[in-house]
Amino acid sequence: MTFFKHVKGLSFVLAALAGVLPAEAALRVVSTTAMVNDLVKRVGGAEVSAEVLMGPGVDPHLYKPTASDMLKLNRADVVFYNGLMLEGKMTDVFTRMVKAGKRVHAITEALPETKLLKPEDFEGHPDPHVWFDVELWAACVDVIEKRLVEAAPERKTVFAENAAKERAALAELHAWAKAKAAELPEAKRVLVTSHDAYNYFGRAYGFQVVGLQGISTVSEAALADMAKLTDFIRQRGLKAVFVESSVSHATIERIAKDSGVKIGGELFSDAMGAAGQMENGYDVGTYEGMIKHNLNTIVEALK
Ligand SMILES: [Zn+2]
């Protein structure tokens, strides 16, 4: 018995060394952010063993891979990341891995240029926060499906079935989000937060979005910008501003105090909640729960 177990273990190791997976083993997939991981898990289903590098509250703009991350990345059969420079400090790592022949893919790689926003203060680069337009995010399912099939062609049917289900689920979520946003009259749809993570959200669901720190969290807010924002909040008669889970709350709290409005709640922007974490009845450890929690928080506070 022990002998056979041993042989089985050995053949697995040999197969792994040769770069082929034994038929019964799940594909090892590593994703950078929890949003990407959520989508990968839904398309991959039981055929993948999915791991994520960045946990709750982690800022992907500033994230540098640790030694144990590098080990996970090197062991993975497929690596997925958001791309559009969201993981700014990991670009070199990905470039090196691609050169070495690893399957490393940005899930946003096939999004049409015309759908991408290029805000002025991001120096010609596209805004990476595409997951807040659920319809645009659903388009990333295609890339995940295609790349998983490339890595495990024998599981094509399962990936196609899972992908179709996920496209339908996201279409439903997009419709829900539009209906929720429509509960607010257009004049009240103004979202003030710490950094510009919500431009796609604004475009998709009809909100004017004002972020204090610009498109990335790398630069800090200047005092002049804070004064401008305070004036804006007063002029528009806004009722609330919002803090983000992965960005320091201090500046937005200061703005709320200076302009005499409340903090409408904590939104998830560049990271999701912990697995199974419930907020107002939504599991914010899932993409769907995060989108619903954010919209609900925004709409209720601005009503
Ligand atoms: Zn961001």
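All figures in this text were calculated on a predicted structure; none of them were measured in a lab.
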Quiz item: Between T193 and V243, does a side-chain contact (heavy atoms from CB on, under 4.5 Å) hold up when you go through it step by step?
Solution: CA-CA 6 Å; T193 58; V243 290; over 6 Å; no

Taking only Lys NZ, Arg NE, NH1 and NH2, and the carboxylate oxygens of Asp or Glu, determine whether [X] and [Y] approach each other closer than 4.0 Å.
X: K292; Y: E288; value: yes
X: R254; Y: D258; value: yes
X: R75; Y: E51; value: no

Looking at side-chain heavy atoms only, is the closest gap between [X] and [Y] below 4.5 Å?
X: D127; Y: L116; answer: no
X: L148; Y: H105; answer: no
X: R203; Y: L136; answer: yes
X: M35; Y: L39; answer: no
X: F232; Y: L238; answer: yes
X: T286; Y: D38; answer: yes
X: F80; Y: T33; answer: no

Quiz prompt | Evaluation steps, side-chain contact (heavy atoms from CB on, under 4.5 Å), between W137 and V130 | solution = CA-CA 6 Å; W137 194 236; V130 291; 4.0 Å; yes

Exercise. Tell me yes or no: between the side chains of H249 and E266, is some donor less than 3.5 Å from an acceptor?
Key: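 Yes.
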
Quiz item: How far apart are the closest heavy atoms of S245 and A271, and which atoms are they?
Solution: OG-O, 4.0 Å

Quiz prompt | Shortest non-hydrogen contact from S269 toward A197 | solution = CB-CB, 3.9 Å

Quiz item: Taking it one step at a time, do V190 and L302 satisfy side-chain contact (heavy atoms from CB on, under 4.5 Å)?
Solution: CA-CA 8 Å; V190 183; L302 294 178; 5.7 Å; no

[X] and [Y]: same hydrophobic cluster, using ILVMFWY side-chain contacts below 4.5 Å?
X: L117; Y: I107; answer: yes
X: F242; Y: Y198; answer: yes
X: V52; Y: V141; answer: no
X: I144; Y: V149; answer: yes
X: I252; Y: V210; answer: yes

Quiz prompt | Which residues share a salt bridge (Lys or Arg N to Asp or Glu O under 4.0 Å) with R147, sequence neighbours left out | solution = E109, E150

Quiz item: Other than Y81, which residues form its hydrophobic cluster under the rule that side-chain heavy atoms must be closer than 4.5 Å?
Solution: V30, L53, M54, V58, Y63, M70, L73, V79, M90, V93, F94, M97, V98, V104

Quiz prompt | K72 atom NZ, over 12 foreign heavy atoms within 6.0 Å | solution = yes

Quiz item: Is the NZ atom of K41 crowded by more than 12 outside heavy atoms at less than 6.0 Å?
Solution: no

Quiz item: Hey, mind stepping through H61 and D270 against side chain to side chain donor-acceptor pair (under 3.5 Å) and telling me if it holds?
Solution: CA-CA 9 Å; H61 300 287; D270 293 1; 2.8 Å; yes

Who pairs with [X] by side chain to side chain contact (heavy atoms under 4.5 Å, CB included), at least two apart in sequence or on another chain?
X: D142; value: R167
X: P185; value: K188
X: E135; value: D133, H174

Is there a donor-acceptor contact under 3.5 Å from the side chain of [X] to the main chain of [Y]?
X: T108; Y: L111; value: no
X: E166; Y: A163; value: no
X: E87; Y: G83; value: yes
X: N82; Y: P128; value: yes
X: N37; Y: A34; value: no
X: R189; Y: A181; value: yes

Quiz prompt | By ring pair (Phe, Tyr, Trp, His ring centres under 6.0 Å) - contacts of F207 (at least two apart) | solution =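 Expected list: F201.
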
Practice problem: Apply side-chain contact (heavy atoms from CB on, under 4.5 Å) to the pair M226 and I255, showing each step before the final yes or no. | Solution: CA-CA 7 Å; M226 290 177 67; I255 294 231; 4.1 Å; yes

Exercise. Check the angle between the aromatic planes of H129 and H195 and answer parallel, tilted or perpendicular using the 30° and 60° thresholds.
Key: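 Because their plane-to-plane angle is over 60°, the rings of H129 and H195 count as perpendicular.
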
Practice problem: Start with the C-alpha distance between H293 and F268, add both sets of side-chain angles, then the distance that settles ring pair (Phe, Tyr, Trp, His ring centres under 6.0 Å), and finish with yes or no. | Solution: CA-CA 8 Å; H293 162 81; F268 292 93; 5.4 Å; yes

Quiz prompt | Gap between atom CG of L295 and atom NZ of K180 - 0.5 Å precision | solution =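 One finds 8.0 Å between NZ of K180 and CG of L295.
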
Exercise. Please test Y200 against F132 for ring pair (Phe, Tyr, Trp, His ring centres under 6.0 Å), starting from the C-alpha separation and ending with a verdict.
Key: CA-CA 6 Å; Y200 291 101; F132 281 126; 9.4 Å; no

